[in-house]
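These figures come from a predicted structure and were not determined experimentally. Numbers here are sequence positions counted from 1.
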Amino acid sequence: MGLEAPLIGAILFALLILLILFHFPIGIALGATGVIGVGVLAGWAPAMQLLATEPAGALSNKELALLPLFILMGTFAGAAGLSADLYRLINSFMGHFRGGLTFATIGACAGFGAVCGSSLATAATMSRVALPEMTSRGYEPGLAAGSIAAGGTLGMLIPPSIVMVVYGFLTDQFILTLFAAALVPGLIAVLFHFVSIGILVRLRPDVAPAGVRVPWRQRFGELWATKAVVTLVILVAGGIYSGIFTVNESAAIGTVFTFAIWAVRSRFDVKALWQVLFEAGSTTAVIYLVIVGAQIFTYALTLSELPEVLVQWIGSLDVRPLVVVFLFLAMYIVLGSIFETISAMVITLPFVFPIIIKLGLDPIWWGVVNVMVIEIGMITPPIGLNVFVLHKMAPTVPLRSIFRGTLPFLGADIVRLILLATIPAITLWLPKTLGLIK
């Protein structure tokens with residue numbers, strides 16, 4: 001095909017960006033561009049056939065069956081008020097420290113985000129739970145909103161993670177290995193956020209007053225009150241890592257369990273059940289559409305040989321692989337501030353993933369770093385999506401104040417990103433220990 005095919009690939013990518021700028025849904029933009037590309041490069045009959053084979057393949061894939069289960073589990077968990085349970089529990093143990101409600105917010109965001117699977121949904125949910133409490137206790141509004149925006153980014157990293165499932169499917173990586181690899185970086189993320197809060201309240205004690213110490217009896221009462229959350233974590237995470245359940249089985253059990261909690265708390269409100277199912281079904285449909293579109297678009301790019309040309313060009317550069325990695329990280333921080341996590345990832349994977357493999361870098365490690373850097377972009381000025389969600393939920397708090405409130409967490413995230421990008425062994429330690437990789 002010579003230079004003509006790669007040029008067509010470049011035109012396809014430009015067309016994709018143009019469609020997105022005109023507010024076409026990401027999945028439709030990917031699929032339409034891919035069909036056009038395959039039609040031009042291989043014929044319109046194979047292009048039309050992809051519209052049947054790719055959706056059928058996605059819908060019948062047992063690994064992708066995790067998506068509707070995890071999404072439904074998260075939706076039931078949110079409707080059942082498990083986020084508020086987590087917040088009250090952590091607050092009872094840490095609320096008496098200066099900045100204690102911020103610690104509780106970060107911890108609850110991480111825990112609920114892991115179940116919910118969406119940074120934006122976590123930020124929106126926790127804003128209703130935590131923001132009124134913090135502002136009523138005299139916390140600086142920008143810090144209160146900023147901590148929720150930053151905390152919302154943690155859930156996509158801590159397993160079980162929807163975006164990890166999508167990455168594993170698109171790159172043919174084992175989902176359980178990705179979950180294991182993401183666990184330690186997720187805990188490091190929470191720890192670094194806690195450290196940033198500690199430093200901030202030491203330097204500026206006026207932004208986050210200390211609360212009242214809760215008696216131990218009341219703390220144990222809160223622990224008992226959150227037994228549903230604790231049981232859910234044991235069932236899902238414990239079942240997966242102990243090997244008692246497969247990932248699919250754990251997702252199914254977690255979904256049934258959260259449904260039972262919701263049914264008891266809501267007294268099985270049929271109208272509310274319809275709303276939960278509609279919300280989960282809508283989210284699932286959008287993600288499947290993005291996945292199918294990404295598959296078609298990737299097929300078109302493979303035919304154009306553009307990824308291969310880019311791989312050869314990157315390989316010819318006299319630079320260390322780490323330099324290329326950091327260039328990608330800078331690109332993803334920008335993309336993460338504009339697109340939601342899954343969208344930013346699937347648009348770029350056809351180009352980036354072959355280069356990562358060509359450089360001899362570990363695809364499991366890159367999956368974790370890839371998700372992490374896009375999430376950092378979601379609180380990065382000037383277009384951090386999580387910040388805009390918080391501003392929508394709390395319009396009285398200026399955008400500038402929310403961005404300023406995220407800065408301590410953004411600094412901690414950058415340090416964490418550099419650490420995990422330069423030392424892959426931290427990410428790969430747990431899956432190697434569990435025997436998931438050699």
Side-chain angles (χ1 to χ4, degrees), residues 59 62 64-92 104-105 107-133 148 152 155-156 158-162 165 218 220-240 244-289 389 393:
L59 291 172
K62 65 178 183 179
L64 280 184
L66 289 169
L67 287 175
L69 290 172
F70 280 139
I71 291 169
L72 191 57
M73 179 174 68
T75 310
F76 275 126
L82 296 189
S83 57
D85 290 352
L86 272 173
Y87 183 73
R88 286 194 303 269
L89 173 63
I90 302 173
N91 182 40
S92 68
T105 297
C109 281
F112 180 71
V115 176
C116 172
S118 168
S119 294
L120 298 176
T122 299
T125 301
M126 289 305 302
S127 68
R128 291 190 288 268
V129 174
L131 192 58
E133 185 74 13
I148 299 171
M156 275 296 195
I158 298 175
S161 165
I162 291 173
V165 175
Q218 185 176 338
F220 286 122
E222 290 292 349
L223 186 60
W224 176 252
T226 57
K227 56 185 178 295
V229 180
V230 176
T231 305
L232 178 62
V233 172
I234 293 173
L235 282 174
V236 177
I240 290 174
I244 296 175
F245 306 129
T246 65
V247 180
N248 293 62
E249 290 168 345
S250 293
I253 291 170
T255 302
V256 173
F257 184 72
T258 51
F259 167 74
I261 298 169
W262 171 86
V264 170
R265 293 187 175 185
S266 69
R267 299 182 180 180
F268 205 87
D269 186 322
V270 176
K271 184 178 179 180
L273 176 61
W274 169 251
Q275 290 175 342
V276 169
L277 294 177
F278 181 81
E279 181 182 343
S282 301
T283 304
T284 302
V286 169
I287 293 177
Y288 265 89
L289 183 61
V389 167
M393 302 299 295

*Nearest 0.5 Å, what's the CG-CD distance between Asn91 and Glu222?*
8.5 Å
*State whether the number of non-hydrogen atoms from other residues, nucleotides or ligands found under 6.0 Å of Lys227 atom NZ is greater than 12.*
yes
_Working to the nearest 0.5 angstrom, can you tell me the gap between Leu289 CG and Thr284 OG1?_
12.5 Å
*Look up atom CZ in Phe278 and atom CH2 in Trp274, then write down how far apart they are to the nearest 0.5 Å.*
7.0 Å
*Are Leu72 and Leu277 close enough that some pair of their side-chain heavy atoms sits under 4.5 Å apart?*
yes
*Supply the atom-to-atom distance Ile287 CD1 to Ser282 OG, rounded to the nearest 0.5 angstrom.*
11.0 Å
*How close do Ser250 and Gly239 get, heavy atom to heavy atom, and via which atoms?*
OG-C, 3.8 Å
*Could you tell me whether the side chain of Pro68 reaches within less than 4.5 Å of the side chain of Tyr288, counting heavy atoms only?*
yes
_Suppose we screen for salt bridge (charged side-chain N to carboxylate O under 4.0 Å, His left out). Which residues come up paired with Glu249, at least two apart in sequence or across chains?_
none
_Minimum heavy-atom distance between Ile148 and Ala130, given as atom pair plus value_ = CD1-CB, 4.2 Å
Acceptor/donor pairs from residues 253-267 side chains to any protein atom, 3.5 angstrom cut, sequence neighbours excluded:
from: Thr255; atom 1: OG1; to: Leu69; atom 2: O; distance (Å): 2.9
from: Thr255; atom 1: OG1; to: Ala251; atom 2: O; distance (Å): 2.7
from: Thr258; atom 1: OG1; to: Gly254; atom 2: O; distance (Å): 3.0
from: Thr258; atom 1: OG1; to: Thr255; atom 2: O; distance (Å): 3.0
from: Arg265; atom 1: NH1; to: Ala80; atom 2: O; distance (Å): 2.7
from: Arg265; atom 1: NH1; to: Asp85; atom 2: OD2; distance (Å): 3.0
from: Arg265; atom 1: NH2; to: Asp85; atom 2: OD2; distance (Å): 2.7
from: Ser266; atom 1: OG; to: Trp262; atom 2: O; distance (Å): 2.7
from: Ser266; atom 1: OG; to: Phe268; atom 2: N; distance (Å): 3.4

_Short side-chain to backbone donor-acceptor contact, Tyr87 and Met126, under 3.5 Å_ = no
_For a quick test of reading the model, state the closest non-hydrogen atom pair linking Met393 to Ala124 and the distance between them._
CE-O, 3.8 Å
*Taking the side chain from Thr226 and the backbone from Leu223, do they hold a donor-acceptor pair closer than 3.5 Å?*
yes
*For the pair Arg88 and Val129, evaluate side-chain contact (heavy atoms from CB on, under 4.5 Å) and give the outcome as yes or no after the intermediate values.*
CA-CA 10 Å; Arg88 286 194 303 269; Val129 174; over 6 Å; no
*Is the side chain of Asn248 donor-acceptor paired with the backbone N or O of Lys62 at a distance under 3.5 Å, no angle test?*
yes
*Between Ile162 and Ile71, is a side-chain contact (heavy atoms from CB on, under 4.5 Å) present by the stated rule, with each step listed?*
CA-CA 8 Å; Ile162 291 173; Ile71 291 169; 3.4 Å; yes
*Nearest heavy atoms of Ala79 and Val276, plus distance in Å*: CB-CG2, 3.8 Å
_Give me the atom names and distance for the closest heavy-atom approach of Ile158 to Ala110._
CD1-CB, 3.6 Å
*Side-chain heavy atoms of Gln275 within contact of Asp269, under 4.5 Å*: no
_Heavy-atom closest contact (Ala228 atom, Leu82 atom, distance)_ = CB-CD2, 4.4 Å
_Checking Phe76 against Leu273 for the side-chain contact (heavy atoms from CB on, under 4.5 Å) test, could you report, in this order, the C-alpha distance in whole Å, the side-chain angles of both residues, the deciding distance, and whether it holds?_
CA-CA 9 Å; Phe76 275 126; Leu273 176 61; 3.9 Å; yes
